[in-house]
Structure formats: C-alpha cells, structure tokens
Amino acid sequence: MSKGRVEAFSDGVFAVIITFLVFNIKVPSLADLAALLSLTPVFLSYVLSFLYVGIYWNNHHHLFQAAEHVSGKILWANLHLLFWLSLAPFATSWMGQNHFSPTPVAAYGCILLFAGIAYFILSRSLVSHHGKDSKLAMSVGTDTKGRLSVVIYLVAIPLAFVRTWAAYVLYVLVALMWLLPDRRIEKVLRQNHDLG
C-alpha cells in the first residue's frame, strides 16, 4: 500500500492535537500580570507537550521518509501511536490546571510511556515489513534513545508520587534527548540518493 495516505492522515491528527493543546489554555478574566502568572503551570505543561508532539511529528516524518510502502499492520501500529498522542491535550490540561499534583504528573508520564512504546512498535513494524537489510532498518538501528526513554518514564511515573518536580524534570530530559531529529535516517537517505 502507498504510504501517502498514512502520512497525510497522521499530519492532520498531529495538527489537531497541537490545536487542542492551545485551546486548553484559558484566557484570564483579569487584565493584569498576576492573572498571567497564575497560568504558569498551564503554560509550562503546554510548552512541554508542544515539544513532545513536535518531536513525534518530526521523527514520524523522518521514519516515513525512509519507508517505501505500508501494510495493514503498520496502519494499526500508526493508529496506536496517534491514540496515545491524542490524549496529550487532556493530560497536559489536567497536569497544568492542578499545578503539577502527583497523580496528574504520573498520568502524564503514563501517556508518554505508552506513546514511546507505540512509536517503538511502529518503527519495528516498518523495519519488519521492509526487511532487516533495508535502508529503513539501517536508519533506525537499535533505537537506543527509544529504549532509554521508556526506562526514564518507568522511573519518573512512580517518582511523581514522591518528588513531583523530579518526575517533571525527567520528562523534560527525555524531550531534550529527542529535540534534534535523528540524523541517521537523513544520512542513509542521502547516501542512497547519491548512489542512485
């Protein structure tokens, strides 16, 4: 199957998720700086979630650039990822409006964890579909960052009930690890283009 429809659909879902993220920031009824300062937790939650959605969109784009075609299994794996990411506006709002209380921070981490697992499943499904010797397989490699991210989430989720700020810092750390797109995919695609 062609990958074009998957990419177009996914881009639309990413755009809707980002739109709903910003809709959760309520405009203050007062016109002073104190009213804006009271939105700090909501804004910090929004910034982190915007970064995460942007990182997933960027890496999703790179992943599908290296793919040539998709299967039904890949369509479901992609929907699985989009499902978890679509919960980001809810978790973001809950965490920000409750000023980083333990349960919302842990729930936010659970959504990050399941989105990370879903991305791993999607990338493995694509590699399996294209073969272990494909340019996609060479691009993805062993996905050390993905595995490390899952471990950090597994530490951060229970930590949220002990040191909420430390869990949030770990979520920021994972985002910083992924902020720059993985250049391996671009490198492999460029090499294949130069050879072709």
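Here the structure is a predicted model, which is why all the values come from computation and not from measurement. Along the sequence shown, residues are numbered consecutively beginning with 1.
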Between S38 and P41, what is the shortest heavy-atom contact and its length? O-CD, 3.7 Å
Within-4.5 Å side-chain heavy-atom neighbours: L63 and L136: yes
With the 4.5 Å side-chain cut-off for hydrophobic clustering, are V169 and F161 part of the same group? no
What pairs with D32 under side-chain contact (heavy atoms from CB on, under 4.5 Å), at least two apart in sequence or on another chain? L30, A34, A35
List the residues meeting ring pair (Phe, Tyr, Trp, His ring centres under 6.0 Å) with F120, not counting sequence neighbours, and say none if there are none. none
So does P104 get a backbone contact from the side chain of S101, meaning a donor-acceptor N/O pair under 3.5 Å? no
May I have the list of side-chain donor-acceptor pairs in residues 170-177 shorter than 3.5 Å, sequence neighbours left out?
from	atom 1	to	atom 2	distance (Å)
Y171	OH	V105	O	2.9
Y171	OH	G109	N	3.4

Greater than 12 external heavy atoms within 6.0 Å of F43's CZ: no
Whether the side chain of N24 engages the backbone of S93 through a donor-acceptor N/O pair (distance < 3.5 Å, no angle test) should be reported. no
Can I111 be reached from V22 by stepping across I, L, V, M, F, W or Y side chains whose heavy atoms are under 4.5 Å apart? yes
Using residues 66-74 as the side-chain source, report each donor-acceptor pair under 3.5 Å to any protein atom, sequence neighbours left out, with the distance given to one decimal.
from	atom 1	to	atom 2	distance (Å)
H69	ND1	H129	NE2	2.9
S71	OG	K73	N	3.4
S71	OG	I74	N	3.4

Would a distance-only check, ignoring hydrogens and angles, find a side-chain to backbone donor-acceptor pair under 3.5 Å from N58 to G54? no
Using side-chain hydrogen bond (donor to acceptor under 3.5 Å, both in side chains) as the criterion, list what pairs up with T164, not counting sequence neighbours. none
Contacts of H61 that satisfy side-chain hydrogen bond (donor to acceptor under 3.5 Å, both in side chains) - sequence neighbours left out: none
With rounding to the nearest 0.5 angstrom, report the CD to NE2 distance, Q65 to H60. 11.5 Å
Considering all heavy atoms of both residues, which atom of Y108 and which atom of L48 are nearest to each other, and what is their separation? OH-CG, 3.7 Å
Of all the heavy-atom pairs spanning P158 and L154, show the shortest one and how long it is. CD-O, 3.1 Å
What pairs with R163 under side-chain contact (heavy atoms from CB on, under 4.5 Å), at least two apart in sequence or on another chain? L159, W165, A166
Sequence neighbours excluded, the answer for side-chain contact (heavy atoms from CB on, under 4.5 Å) partners of I121 is A77, H80, I117, S125
Please find the pair of heavy atoms, one from L21 and one from S49, that lie closest to each other, and give the distance. CD2-CB, 3.7 Å
For a quick test of reading the model, state the closest non-hydrogen atom pair linking G146 to W178 and the distance between them. N-CZ2, 3.3 Å
Heavy-atom closest pair, residues K26 and L39: O-CD1, 3.5 Å
Rounded to the nearest 0.5 angstrom, the CH2-CG distance for W76 and L81 is 14.5 Å
To the nearest 0.5 Å, how far apart are CZ in R5 and CG in L75? 9.0 Å
Look at the side chain of K132 and the backbone N and O of V127, then say whether any donor-acceptor pair between them is shorter than 3.5 Å. no
Check whether Y119 and L148 end up in the same hydrophobic cluster, where Ile, Leu, Val, Met, Phe, Trp and Tyr are linked by side-chain heavy atoms less than 4.5 Å apart. yes
Partners passing side-chain hydrogen bond (donor to acceptor under 3.5 Å, both in side chains) against Y52 (at least two apart in sequence or in another chain): Y153
Taking side-chain hydrogen bond (donor to acceptor under 3.5 Å, both in side chains) as the test, write out the residues that go with S45, two or more places apart. none
Side chains of residues 6-19: which donor-acceptor pairs under 3.5 Å do they make with residues two or more places apart or in other chains?
from	atom 1	to	atom 2	distance (Å)
S10	OG	V6	O	2.7
S10	OG	N78	ND2	2.8
D11	OD1	W57	NE1	2.9
T19	OG1	A15	O	2.8

Quick one, L44 and F100 - any side-chain contact, counting heavy atoms below 4.5 Å? yes
If I take atom CD1 from residue I157 and atom SG from residue C110, how far apart are they, to the nearest 0.5 angstrom? 4.0 Å
Applying ring pair (Phe, Tyr, Trp, His ring centres under 6.0 Å) to F90 and not counting sequence neighbours gives W94
